[in-house]
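Here is the structure we will look at, set down as structure tokens.
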Amino acid sequence: MTSERKSPIGPIIEGFIGSLLILFGSFGVGWLVSVSPIARHPWVIPLRTESEGVIVSTVALTLGCWVMFRAWLRLGRRLRGQDPADQWPEGSLRTVNLATILWCAPQLFVIPIFSRDVFAYLNQGRLVLAGQDPYTTGVSTLDNWFHLGTDIVWAESETPYGPLFLWLEAAIMRVSGDSPDLAIFLFRLACVGGVAMIMYYVPKLARLHGVDGARAQWITVANPLLIISFISSVHNDAIMVGFALAGIWAAAHGRGVLAVLLVVVSIGIKPITMVLLPFIGLLWAGPGSSWVRKFQYWFYTAGLAGMILLVVGLLQGYGFGWLAVLAGTGTGSTFWSPIGIVNGWLATLLGNLGIEYFWTLDTLKLVARVSSVIVVLYLMFRGSDDRIVKRMTWAFTALVVLSPIIQPWYLLWLLPLFAITGIRRNWEFKWVVFTVAFFLAFGAMDQLSIYQFLEMEQQMVALSLAVSWICLAIMATVDPGTRWVVWTGWDLPRARLSLPWKRTAAPVEPALTTAELHQVPADQRTSPSPMNPVARRAGDGEQEERAQGVS
């Protein structure tokens with residue numbers, strides 16, 4: 001029996017309140033450059049220079065993250081209903097889009113939080129305007145670079161961004177002149193454009209795979225981590241992901257030249273999306289292609305992409321300098337990355353045995369890099385033609401997971417791809433939720449801008465972490481709107497041990513009954529094709545889908 005759904009208005013309003021809390025908190029502990037006039041507003045000064053203001057701002061920022069997180073979970077619950085067998089009703093996509101727009105709106109005016117990368121964009125744009133090469137020169141060569149907020153880590157570092165993003169950086173700095181606040185807002189608008197592209201293509205690609213477009217949109221774009229990382233933090237990854245999804249959509253419809261062009265734009269923002277090109281070639285070649293045809297279209301894809309990037313390099317004067325930077329990135333490691341975890345264990349073990357362990361991280365990085373290349377090559381050559389996008393997703397995942405540095409927003413490179421190919425309501429969705437929760441807690445405490453004379457940095461880190469723990473404990477134990485994530489619906493895979501000669505064949509899945517067939521949306525009842533595939537079973541649109549040519 002279908003359960004009665006409640007109105008989604010409550011979660012939508014709740015998320016908007018959470019977004020406003022983040023906006024308020026950012027004025028006290030967000031990153032402001034020293035020359036910004038905002039820092040001299042009478043109502044901002046006590047938030048940044050007095051201990052009480054810093055405490056209130058820290059609590060507001062952290063609490064706002066969890067209010068948005070709770071609203072996100074409640075919105076999905078309201079649209080789905082209490083019964084796991086319920087379908088998302090007609091109009092759900094419109095509701096999710098409305099919620100996303102309302103939750104994003106306050107973030108347009110947030111003082112940058114969770115990251116200082118946008119301040120690196122400012123000085124790299126100045127480097128380009130000064131006629132210097134950001135692929136060989138750090139921003140420390142510029143006058144007053146430190147006063148524009150760039151992290152000291154970027155002082156001598158080459159830019160890891162693509163050549164097209166350098167043009168965007170230069171254009172924005174030319175327009176904004178000496179106003180860093182205007183520059184940040186213009187960079188943010190560019191990122192909003194990327195988020196808009198993600199919002200446009202996620203439902204379309206999801207429907208190609210027989211996945212509910214509204215649910216994929218909810219998991220991806222209404223996600224508070226995406227809103228904060230792509231809009232509040234002003235990460236250019238939003239533009240990269242938007243053009244990558246557009247390229248996949250074009251390739252799935254046989255528009256190979258357009259697909260390559262769009263993915264090259266994505267590469268021009270951040271070169272990591274080069275890993276998509278071999279699979280774009282496979283989509284362009286079409287399902288059931290011979291190996292001769294596949295190699296032919298790989299050649300077309302690589303040749304066209306290389307030619308475009310060569311022309312850009314010649315016009316820009318930097319050539320393929322970004323390739324050298326890409327090959328040399330990855331100094332250090334984050335403690336939550338698999339490489340960082342293994343390195344920590346190995347270093348501790350060797351240290352206890354009195355053995356030198358200075359070599360462990362470099363060795364693990366080399367092994368991981370080689371392993372990721374092997375995984376990508378394997379997925380290029382092995383696998384069904386009706387699972388090309390899924391193979392692409394796992395190839396991209398291998399590059400990210402086997403990297404020594406995994407930033408919170410790296411998850412958002414992969415999340416849209418997993419969402420459009422189907423994330424089940426079991427442990428798969430819970431993995432997404434717990435990962436989002438971890439990075440929200442880490443981001444809220446890790447990047448707080450607090451004046452040194454207050455000597456409150458460590459106390460505010462502890463306060464933010466305490467607020468996060470309290471919120472998580474309440475949501476996991478007593479909050480009826482969110483505790484279901486922890487306590488129900490895990491559906492973990494069962495480990496079955498049996499002798500090979502005693503194994504029985506898996507039962508054949510029954511065909512849909514007439515009653516079930518009428519529950520399937522009309523646009524999913526047509527015959528499968530590369531442009532309009534359908535799932536094996538309709539159900540709730542979340543079983544493992546099989547889309548001809550694109551799943």
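Counted within 6.0 Å of CH2 on W431, heavy atoms from surrounding residues, nucleotides or ligands total 12 or fewer; the atom is thus considered open. Other residues, nucleotides and ligands contribute over 12 non-hydrogen atoms within 6.0 Å of the CZ atom of F438. Other residues, nucleotides and ligands contribute more than 12 heavy atoms inside 6.0 Å of the CH2 atom of W484. The number of heavy-atom neighbours closer than 6.0 Å to CZ of R483, taken from other residues, nucleotides and ligands shown, is above 12.
With S19 contributing its side chain and W103 its backbone, the two residues share a donor-acceptor pair below 3.5 Å. At distances below 3.5 Å, at least one donor-acceptor pair connects side-chain atoms of R391 with backbone N or O atoms of R382. Remark: the backbone N or O of S464 is paired with a side-chain donor or acceptor of S468 at under 3.5 angstrom. Distance alone, capped at 3.5 Å, is enough to place a donor-acceptor pair between the R215 side chain and the I423 backbone. S384 places a side-chain N or O within 3.5 Å of a backbone atom of D386 that can act as its donor or acceptor partner. Of the possible donor and acceptor atoms, none in the side chain of R78 sits under 3.5 Å from a partner among the backbone N and O of K6.
Looking at R70 and V67, their side chains never come closer than 4.5 Å, going by heavy atoms from C-beta outward. Between S337 and I405, every side-chain heavy-atom pair lies at or beyond the 4.5 Å cut-off. Within the 4.5 Å cutoff, the side chain of M392 has heavy atoms near those of the I248 side chain. The closest side-chain heavy-atom distance from L21 to W66 is not below 4.5 Å. Residues V401 and P338 have side chains in contact (heavy-atom distance under 4.5 Å, counting atoms from C-beta outward). Looking at L208 and H253, their side chains come closer than 4.5 Å, going by heavy atoms from C-beta outward.
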One pair to check against side-chain contact (heavy atoms from CB on, under 4.5 Å): L282 and W298. What are the steps and the verdict? CA-CA 7 Å; L282 291 175; W298 276 336; 3.6 Å; yes
Go through the steps to decide whether F165 and K270 satisfy the test side-chain contact (heavy atoms from CB on, under 4.5 Å), and finish with yes or no. CA-CA 8 Å; F165 190 65; K270 295 189 88 166; over 6 Å; no
Give the intermediate values and the outcome of side-chain contact (heavy atoms from CB on, under 4.5 Å) for residues V96 and W88. CA-CA 11 Å; V96 173; W88 285 46; 4.2 Å; yes
Could you check T95 against I12 for side-chain contact (heavy atoms from CB on, under 4.5 Å), going step by step and ending with a plain yes or no? CA-CA 9 Å; T95 301; I12 292 175; 4.0 Å; yes
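F429 and W72 have tilted rings, their planes meeting at an angle from 30° to 60° on a 0 to 90° scale. Using a 30° and 60° split on the angle between ring planes, Y201 and W249 fall in the tilted class, from 30° to 60°.
Seen from the ring of W291, K294 counts as a face-on cation partner, given the 6.0 Å and 45° thresholds.
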Only pairs under 3.5 Å count here: list side-chain donor-acceptor contacts from residues 406-419, not counting sequence neighbours, and write none if there are none.
unit_1	atom_1	unit_2	atom_2	d
W413	NE1	D237	OD2	2.6

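Q107 and S232 share a side-chain donor-acceptor pair at under 3.5 Å.
Applying the side-chain contact (heavy atoms from CB on, under 4.5 Å) criterion to A395, with sequence neighbours excluded, gives V275, F279, V376, L379.
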